[in-house]
Amino acid sequence: MPVLDESLTPVFEEVVRRNPGEAEFHQAVREVLESLGPVVAKHPEYADAEIIRRLCEPERQIIFRVPWTDDAGRVQLNRGFRVQFNSALGPYKGGLRFHPSVYLGIVKFLGFEQIFKNALTGMPIGGAKGGSDFDPKGRSNAEVMRFCQSFMTELSRHVGEYTDVPAGDIGVGGREIGYLFGQYKRMTNRYESGVLTGKGLTWGGSQVRTEATGYGAVYFVDEMLRGAGDSFDDKRVVVSGSGNVAIYAIEKAQQLGAIVVACSDSDGYVVDEAGIDLDLLKEIKNGHRGRVNDYAEQRPGVRFVPGRSIWEVPCAIALPCATQNELDADGAAALIRGGTRIVAEGANMPTTPEAIRALREAGVLFAPGKAVNAGGVATSALEMQQNASRDSWTFEYTDERLGEIMRSIHDRCLETADTYGKPGDYVAGANIAGFTQVADAMLALGLI
Ligand code: GLU
């Protein structure tokens, strides 16, 4: 493990001590602190105000019971979370994740990442995350609705357009946002569009929000390529996952001329040498909530490889777009063997610290999720703007704004990395640029 700056070691130790058993949260904090050595050296005022210790402690953490009945009339029980991490830059903002792996440590890692990601977008939004250990897989629409209604019955006390604005994440898409918004509206008797983002287009949603995380990730990588005098044209790309982020990363990469040869889910991966047929994949995933195995069954010549790592498929560009820690040291070794030049994180913290180290040592250009996948939340902020002005923008205009935001995040990462003596280091650039923006706002707002 790289050593932390002397002054940051006790901060990290305190985080581990105060948050026992939350491995993912420790990992996310450590990764940011590893970048901050040159910042604390240059800015003693941050240490004087204990900015970093304060940043590592969420402003508020809410944990609640979510009881609901299944279709057989049995009572089911889940746990709900909302961690409102930091509101120095604006109302708390961040998604809700419904997945059986969700526990406090996952929500805190995601909320912590969200602070810096949201700062990087340049939009006025603080950082938060929430969710539940509810597993939507195999549940009927009616069950998902009852769960969402029960979840919002408690969450409604803690959110609001000026307070906290949730959105989707894994397991939470347009359907769930609809049920959540419906229940909030019913409980408050207010059509408060700005309380949630990722809404449907006919009831306050924004164009491009569905596509934004995947498109944004590809816009970011396009800038990385441009910097090297290169482009996506004819590049062999592997995208892990097959959810919302993966699908729209594939779509935009294909539009820019790439050949996306593989995608995956938790059962395994498919290799399609002709390039993924996106219409078929969308129909399977969005139309039937199916699996990539179904894709292989419906498309001749496509291999489904169960239970193995997608990173063994050789590619020039790898986009991990599934979930945390999906790309480990073995995966990184496989990518390096396969000749990969760029790894950019579409998901939140999909690459383990060991894998990041191996990739960078091998000269692979690596860009972190808090910069690469910021297009989703940035477009959420554009949705909030449209709601506040009771306006709705065209697809083209919104997409243009997204493109500008991604290019500006990319440039800011590189400029910041340069300023702090780490040229070309996207990790340091993203962490330092996000951190200093939040830290300066916290200083200005006093001890709160
Ligand atoms: N869950 C997404 C993320 O990880 C989007 C959050 C949002 O739009 O508020 O950034």
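Residues take their numbers from the sequence shown, with the count starting at 1. Order of listing sets the numbers, starting from 1, for every ligand and every atom in it.
Between Phe85 and Phe25, the two ring planes are tilted [angle within 30° to 60°].
Ring-centre distance between Trp68 and Phe151: not below the 6.0 Å cut-off.
For the 3.5 Å distance criterion, the side chains of Asn348 and Lys117 qualify, holding a donor opposite an acceptor.
Residues passing the side chain to side chain contact (heavy atoms under 4.5 Å, CB included) test with Thr188, sequence neighbours excluded: Tyr184, Arg190.
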Ligand 1 polar-atom proximity to protein (N/O, under 3.5 Å):
| unit_1 | atom_1 | unit_2 | atom_2 | d |
| --- | --- | --- | --- | --- |
| ligand 1 | 1 (N) | Lys129 | NZ | 3.2 |
| ligand 1 | 1 (N) | Gly168 | O | 2.9 |
| ligand 1 | 1 (N) | Asp169 | OD1 | 2.8 |
| ligand 1 | 4 (O) | Lys117 | NZ | 2.9 |
| ligand 1 | 4 (O) | Lys129 | NZ | 3.0 |
| ligand 1 | 4 (O) | Asn348 | ND2 | 3.1 |
| ligand 1 | 8 (O) | Arg209 | NH2 | 2.9 |
| ligand 1 | 8 (O) | Ser380 | OG | 2.6 |
| ligand 1 | 9 (O) | Lys93 | NZ | 2.7 |
| ligand 1 | 10 (O) | Gln114 | NE2 | 3.0 |
| ligand 1 | 10 (O) | Lys117 | NZ | 2.8 |

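The pair Arg291-Asp265 meets the salt-bridge criterion, since a charged nitrogen lies less than 4.0 angstrom from a carboxylate oxygen.
Taking the ring centre of Phe366 as origin, the terminal cationic atom of Arg360 falls outside the region bounded by 6.0 Å and 45° from the ring axis.
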